[in-house]
**Q** 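Following this message is one structure expressed as structure tokens.
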Amino acid sequence: MAEHRYDPSEIEPRWQEVWARERTWEVSNDGAADGRAGRSRAGGHASSSYVLEMLPYPSGEPHIGHLKCYAVGDAIAHFRRRLGSRVLHPMGYDAFGLPAENHAIKTGVHPRESTAASIASFQRQFRSWGISIDWSREIATHEPSYYRWTQWIFLELFRAGLAYRKEAAVKWCPKDQTVLANEQVDAEGHCERCGALVEVRQLEQWFLRITDYAERLLNDLDAIEWPEHVKTMQRNWIGRSEGAEVTFRCEEIGVDYPVFTTRPDTLFGATFFVMAPEHPDVMRLAAGTAAEQDVRDYVNHALNETNEERGNAERPKTGVSLGRTVTNPVNGEQIPMYVADYVLMEYGTGAIMAVPGHDERDHAFALAFGLPIRRVIAPREDGSATQSGEQDEGLPYSGDGVLVNSHADFDGMGNREALSAIVAWLDREGKGHSSINYRLRDWLVSRQRYWGAPIPIVYCESCGMVPVPDDQLPVELPDVDDYTPKGRSPLAAAEDWVNTDCPACGASARRETDTMDTFVDSSWYFLRYCDAGNDRAAWDPGVLREWMPVDQYIGGVEHAILHLMYARFFTKALADLGHLDFQEPFEALFTQGMVTKDGSKMSKSKGNVVSPAAIVERVGADTARCYILFVGPPDQDADWSDDGVEGIHRFLGRLWRLAAETAERAGSPVAELTAGAASAGDDLALLRKTHWTIDKVSGDLRRFAFNTAIAAVMELLNECSRLRESVGLDTLRFALGNAASLLFPFAPHVCADIYDRLTGERVWEQPWPEAEEALLESEVYELVCQVNGKVRDRVQAGADAGPEALKELCRAAPNVRAHVDGREIVKEIVVPGKLVNLVVR
RNA sequence: GCCCGGGUGGCGGAAUCGGCAUACGCAAUCGACUUAAAAUCGAUGGCCCGAGAGGGCAUGUGGGUUCGAAUCCCACCCCGGGCACCA
């Protein structure tokens, strides 16, 4: 017998060749015209399924996280195909972005060139991994044929009033020399990209009106199949608060100051009023008072603080009196005004009513400044706590209770009831109204950088902001000599490009020189895949109906807020503009865990980076893919272990060798995989194990339990090895053929090879195997016999034995008798198919 | 501080609806093959007592519910993630 050696370096390229030559994974937008990949099992029009992994940013080489993401996505894509779906499984590149530009600054190499090199390396590796991609739909966001439509979408939003320019206090990254969106600054105030401490600057920038969609972005989370923690993160980020807007008037200067509060029921407890240092009226209020200089100093100091210092709730409260008062609208009290940095300009109205009796922060401030603290809510069980003693131990109290010290109309009322009553009163008096506030801010999308899609706007002396007409798109990114950011976009230096004619009046005008945040590019790419070649429109709505929304989206949790929120916003806005007829882009989401090495995140500085290319070179793509799925549940973090990789490699080798040997023993391949009529003995046992495996793997794939699916195939192989000499060749061929068929979604090359050797057929064209119900159950099983809940024996029981017979079997078991003898059986619990438990005394 | 995950052999993990804890893999030990090693194949395998049959103890800790708990409930400890002066 010829020597059989498992050689992935020979097997893998050979099958990749077949799939590339035959364009196996391409699907058309017209179901009837499809090739084999889209063929329905029944021969009719198959259901469509869109399986998508998050768009990769091509930088250098793909890393192990990409391998995991695509191993998961590809397994799902293959599984769905073989269940009879036409599967759209495309690939592209998020090709605009800072790393390529920073590289250009250092080396002078045009970002287009370094990006092209990275893309080529990604393509090469994705092919070497054997991922089943429809390459005919490949896109890259930096190509004019793509960003032409990014610009078109921007203009659609602009024309609808959803893109606007505004001056605001914005986050500025001093290292990247550009503004950032709120979402791109982390909790400590660092730039999400480069880690530099972010500054605040007053600048005019482009925003997208995502806040208009806050309510829908929140509510529609209920209807999609996403991991609960991702939904929670989005809910927290949107941060909806119900409350009221209440107007406090400063009589001295005759100006009304509205505040937002979630607790209008505590209005009678407001004893002072606080404004954010950035509030535009702060200096105006202080002007001419004794406090003016103090206020100026305080504001200057506060504005120079970093987010990190400012955001620390632990540090002592600071602030300065403005020397003015406002009127509390519910009782006419004059309460003093302060400026303090614990009040944020970006939230609510930039000013608050302070209720030290019932808010921790206001309480801390009142203590520091010797301001009155008044209880206006008493816990229900303690109605006597109405005394206005010098200090009230129970404050601040933020729970529910009964109103006290407020007004005869409300005292004694439950605070929730009082809340509505007070808001209704304010409304009648014209002093306030109920209101909802969101933490979410509008999305700042302009960037003062080169390597992005130009914002297609022209500034004209007489016409103002003019959108570039659709037929003049794309506004192509010009070449520049100097990419160094200088606080304005490098594009500003491209004079020939900047100077243009006004599309409206023809007079000379200037182009917008900022480019778009790269998250704009990736907020709609999943739509483009559906109709990637369309040069007349971004997509044909009819084609979208075939594929969208994405049935299964796969990616890392790090995008839980940024990308996933932006893409949802784009979908809703484009739907409102009549371009889409669905509301959510991603029906189901799966977030894969990180791959670590020695327990920590892989990084160049730690020198613990595992290169997928090196692994594939050493053991092959099938081993790498299987290993990454076998280490543990894919949604959890997994630690890379070279020993573990060897284990999988051995497993695939054993499978391949036994199959190759069996195929050789069997002579020429036989197309039909039949097990023969095994009715007893080892043949039946192996047949049963095969059907058990089919059932197990099918179920596990449905619930993303790839690790246990692979373990089940290992069990089947172990059984094959054990019984290889004692079963018929047909039975062995049947078991091994099914093992290959079931493992194909994880290890496509070796499984295609095995299946070909055994049957001469292509495994990817075979329907997913179905387990025979009758073979899943055996006619005898091992009955567990317990006494007082402890396992004392096991006996053979017939599948059809009734409860009484089972009890009898249990009582008769030798070791059970030893534990029961001389004691009284008080209860007998029977779980048919499983166990009998005798309770004795 | 608040909100999510998670804690099971030497290690990664399994146990899908409250019913055999430790599947599968790694590492380890022993054996076969070999001049030898690698590769491969076979066997052993939670801890403690016992020659064995068998028994006792084990799923972060302490309680509870139940005939029966890794799984449900209460309290606590530890690890990871998210949010955090958002009025």
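All heavy atoms count here, side chains included; hydrogens, waters and symmetry mates do not. Every value quoted in this text rests on a predicted model; they were computed, and no experiment measured them. To find a chain, count down the sequence lines: A is the first, B the second, and so on, and within it residues start at 1.
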**Q** When the C1' atoms of A23(B) and C78(B) are compared, how many Å lie between them, rounded to an integer?
**A**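 Their C1' atoms lie roughly 28 Å apart.
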
**Q** Given side-chain hydrogen bond (donor to acceptor under 3.5 Å, both in side chains), test Asp643(A) with Ser641(A) step by step and report yes or no.
**A** CA-CA 5 Å; Asp643(A) 286 337; Ser641(A) 141; 5.2 Å; no

**Q** Taking the P atom of each, how far is G82(B) from G46(B), in whole Å?
**A**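 Roughly 39 Å separates the two P atoms.
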
**Q** Any idea which of G25(B), A23(B), A87(B) is nearest the Glu715(A) side chain?
**A**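 The nucleotide sitting nearest to the side chain is A23(B).
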
**Q** Closest to the Glu782(A) side chain: A14(B), C20(B), C67(B)?
**A**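 Out of A14(B), C20(B), C67(B), the nucleotide with an atom closest to Glu782(A)'s side chain is C20(B).
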
**Q** C1' atom, U61(B) versus A70(B): distance in rounded Å?
**A**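 Nearest-Å result for U61(B) against A70(B) at atom C1': 15 Å.
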
**Q** Using the side-chain heavy atoms of Thr708(A), tell me which of these nucleotides is nearest: C41(B), C20(B), A14(B).
**A**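 Per side-chain heavy atoms of Thr708(A), the pick is A14(B).
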
**Q** Below 6.0 angstrom between ring centroids: does that apply to Phe248(A) and Tyr257(A)?
**A**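 Phe248(A) vs Tyr257(A): aromatic centres not under 6.0 Å.
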
**Q** Would you mind classifying the nucleic acid contact of Arg841(A) as base, sugar-phosphate or nothing, using non-hydrogen atoms under 4.0 angstrom?
**A**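 Arg841(A): no heavy atom of the nucleic acid under 4.0 Å.
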
**Q** Between C67(B), A87(B), C4(B), which one does the side chain of Leu344(A) approach most closely?
**A**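 Nearest to the side-chain atoms of Leu344(A), counting from C-beta on, is A87(B).
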
**Q** Is the number of heavy atoms from other residues, nucleotides or ligands under 6.0 Å of Glu777(A) CD greater than 12?
**A**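 Not more than 12 within 6.0 Å, no.
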
**Q** Could you tell me whether a side-chain N or O of Asp637(A) sits under 3.5 Å from a main-chain N or O of Met594(A), the two making a donor and an acceptor?
**A**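 Such a contact is found between Asp637(A) side chain and Met594(A) backbone.
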
**Q** Aromatic rings Phe272(A) and Tyr338(A): how do their planes relate, parallel, tilted or perpendicular, breaks at 30° and 60°?
**A**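 Phe272(A) vs Tyr338(A) ring planes: perpendicular.
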
**Q** Counting side-chain heavy atoms from CB outward, which of C20(B), G56(B), C24(B) is closest to Val784(A)?
**A**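 From the listed options, C20(B) comes nearest.
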
**Q** Do other residues, nucleotides or ligands put more than 12 heavy atoms under 6.0 Å from Lys807(A) NZ?
**A**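 Yes, the 6.0 Å shell around NZ holds more than 12 heavy atoms from other groups.
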
**Q** Check whether the side chain of Asn236(A) and the base of C83(B) form a donor-acceptor pair under 3.5 Å.
**A**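 By the distance-only test, no, there is no pair.
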
**Q** For the C1' atoms, the ones on U8(B) and on G55(B), what distance do you get once it is rounded to whole angstrom?
**A**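 Those two atoms are separated by 23 Å.
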
**Q** Under the ring-ring contact (aromatic ring centres under 6.0 Å, His included) rule, what do Tyr627(A) and His649(A) come out as? Steps first, then yes or no, please.
**A** CA-CA 8 Å; Tyr627(A) 171 73; His649(A) 193 57; over 10 Å; no

**Q** Of the options A87(B), A15(B), C24(B), whose atoms approach the side-chain atoms of Thr261(A) most closely?
**A**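 In terms of side-chain proximity for Thr261(A), the closest of A87(B), A15(B), C24(B) is A87(B).
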
**Q** Could you state the atom-to-atom distance from CG of Leu716(A) to P of A23(B) in whole Å?
**A**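 Spelled out: CG on Leu716(A) to P on A23(B) is 18 Å.
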
**Q** Contact class for Val831(A) (heavy atom, under 4.0 Å): base, sugar-phosphate, or nothing?
**A**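 It contacts base atoms.
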
**Q** Base, sugar-phosphate or nothing for Asp362(A)? Non-hydrogen atoms, less than 4.0 Å.
**A**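 The residue Asp362(A) makes no contact with any strand.
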
**Q** Between A87(B), C20(B), C67(B), which one does the side chain of Tyr347(A) approach most closely?
**A**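 Among A87(B), C20(B), C67(B), the one nearest the side chain of Tyr347(A) is A87(B).
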
**Q** Rounding to an integer number of Å, can you tell me how far Glu228(A) CD sits from G6(B) C1'?
**A**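 For the pair Glu228(A) CD and G6(B) C1', the rounded distance is 17 Å.
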
**Q** Select base, sugar-phosphate, or nothing to describe what Thr262(A) touches, counting heavy atoms under 4.0 Å on all strands.
**A**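 Sugar-phosphate contact only.
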
**Q** To the nearest Å, give me how far apart NZ (Lys231(A)) and P (G5(B)) are.
**A**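 It is 13 Å, rounded to the nearest whole Å.
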
**Q** Measure from CG on Asn837(A) to C1' on G18(B) and round the result to the nearest Å.
**A**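 So the CG-C1' distance, Asn837(A) to G18(B), works out to 13 Å.
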
**Q** Send over the distance from Lys689(A) NZ to A23(B) C1', rounded to a whole Å.
**A**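 Atom NZ in Lys689(A) sits about 9 Å away from atom C1' in A23(B).
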
**Q** Tell me whether the side-chain N or O atoms of Lys834(A) pair up with the base of C20(B) as donor and acceptor below 3.5 Å, since no angle test is needed here.
**A**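 Per atom types, no contact qualifies.
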
**Q** Measuring to OP1 and OP2 of A23(B), would you say a side-chain N or O of Asn718(A) lies under 4.0 angstrom away?
**A**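 For A23(B), OP1/OP2 do not have a side-chain N/O of Asn718(A) under 4.0 Å.
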
**Q** Considering every strand and a 4.0 Å limit on heavy-atom distances, what is the contact class for Val274(A): base, sugar-phosphate, or nothing?
**A**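 No contact.
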
**Q** Rounded to the Å, how far apart are Leu838(A) CG and C20(B) C1'?
**A**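 Atom CG in Leu838(A) sits about 16 Å away from atom C1' in C20(B).
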
**Q** By nearest atom, which of the nucleotides C4(B), A14(B), C67(B) is closest to the Val839(A) side chain?
**A**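 It is C67(B).
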
**Q** Which part of the nucleic acid, if any, lies within contact of Val631(A), taking any heavy atom under 4.0 Å across all strands shown: a base, the sugar-phosphate backbone alone, or nothing?
**A**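 The answer is sugar-phosphate, as Val631(A) gets under 4.0 Å only of primed atoms, P, OP1 or OP2.
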
**Q** So Asn707(A), base contact, sugar-phosphate only, or nothing? Heavy-atom distance under 4.0 Å.
**A**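 Since only primed, P, OP1 and OP2 atoms lie under 4.0 Å of Asn707(A), the category is sugar-phosphate.
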
**Q** Using 30° and 60° as the class limits, which term best fits the ring planes of Phe369(A) and Phe365(A): parallel, tilted or perpendicular?
**A**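 Answer is parallel, since the angle falls under 30°.
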
**Q** Measuring only the C1' atom in each nucleotide, how far is U59(B) from A15(B)? A whole number of Å is fine.
**A**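 About 11 Å, rounded to a whole number of Å.
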
**Q** Between C85(B), G25(B), G19(B), which one does the side chain of Tyr342(A) approach most closely?
**A**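 Nearest to the side-chain atoms of Tyr342(A), counting from C-beta on, is C85(B).
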
**Q** Relative to the 5' end of RNA chain B, which residue comes earlier, Arg792(A) or Met345(A), by the nucleotide with the nearest heavy atom?
**A**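 Mapping each residue to its closest nucleotide by heavy atoms, the 5'-most match is Arg792(A).
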
**Q** Phosphate oxygens OP1/OP2 of A87(B): is one of them under 4.0 Å from a side-chain N or O of Ser241(A)?
**A**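 For A87(B), OP1/OP2 do have a side-chain N/O of Ser241(A) under 4.0 Å.
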
**Q** To the nearest Å, how far apart are Leu835(A) CG and G19(B) P?
**A**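 Value for this atom pair: 9 Å.
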
**Q** Kindly label the base of G62(B) as syn or anti, based on whether its glycosidic torsion lies within 90° of 0.
**A**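 Judged by the O4'-C1' to base torsion, G62(B) sits in anti, the angle falling more than 90° away from 0.
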
**Q** Within a radius of less than 6.0 Å around CD of Glu360(A), do more than 12 heavy atoms belonging to other residues, nucleotides or ligands occur?
**A**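 Counting neighbours around CD of Glu360(A), 12 or fewer heavy atoms of other residues, nucleotides or ligands fall under 6.0 Å, so no.
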
**Q** Using a cut-off of 4.0 Å on non-hydrogen atoms, how would the nucleic acid contact of Lys696(A) be classed: base, sugar-phosphate, or nothing?
**A**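 Base contact.
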
**Q** Taking everything shown except Arg235(A) itself, do over 12 heavy atoms lie less than 6.0 Å from its CZ?
**A**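 Enclosed: over 12 neighbouring heavy atoms sit under 6.0 Å from CZ of Arg235(A).
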
**Q** When we call it a touch if two heavy atoms are under 4.0 Å apart, what does Arg703(A) touch: a base, just sugar-phosphate, or nothing?
**A**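 Contact class for Arg703(A): base.
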
**Q** Please classify the nucleic acid contact of His819(A) as base, sugar-phosphate, or nothing, using heavy-atom distances under 4.0 Å.
**A**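 Result for His819(A) = sugar-phosphate.
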
**Q** How does RNA chain B look in dot-bracket notation if pairs are Watson-Crick or G-U with both distances under 3.5 Å, crossing ones as [ ], other-strand ones as |?
**A** (((((((..(((......[....))).(((((.......))))).((((....))))..(((((..]....))))))))))))....

**Q** Whole angstroms only, please: what is the CG-P distance between Asp7(A) and A39(B)?
**A**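 That distance rounds to 18 Å.
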
**Q** Would C17(B) be called syn or anti here, given the cut-off of 90° from 0?
**A**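 Here the answer is syn: the torsion falls within 90° of 0.
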
**Q** What is the nucleic acid contact for Asn815(A), judged by heavy atoms within less than 4.0 Å: base, sugar-phosphate only, or nothing?
**A**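 Sugar-phosphate, no base atom in range.
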
**Q** Can you tell me which nucleotide in A87(B), A21(B), C4(B) comes closest to the side chain of Ile352(A)?
**A**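 Nearest listed nucleotide: A87(B).
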
**Q** How is Gly239(A) classified with respect to the nucleic acid when contacts are heavy atoms under 4.0 Å: base, sugar-phosphate, or nothing?
**A**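 Nothing, no nucleic acid heavy atom in range.
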
**Q** Please evaluate residues Arg724(A) and Thr662(A) with respect to the criterion side chain to side chain contact (heavy atoms under 4.5 Å, CB included), reporting the C-alpha separation (whole Å), side-chain torsions for both, the decisive distance (0.1 Å), and the verdict.
**A** CA-CA 9 Å; Arg724(A) 61 200 292 180; Thr662(A) 304; over 6 Å; no

**Q** Reckon Arg650(A) has a side-chain N or O less than 4.0 Å from the OP1 or OP2 of C26(B)?
**A**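 So the side chain of Arg650(A) is within the cut-off, an N or O lying under 4.0 Å from OP1 or OP2 of C26(B).
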
**Q** Say we look at G7(B) and C17(B): how far apart would their C1' atoms be, to the nearest angstrom?
**A**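 After rounding to an integer number of Å, I get 24 Å for this pair.
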
**Q** Donor-acceptor check, side chain of His358(A) to backbone of Gly269(A), threshold 3.5 angstrom: yes or no?
**A**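 It does not hold such a pair.
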
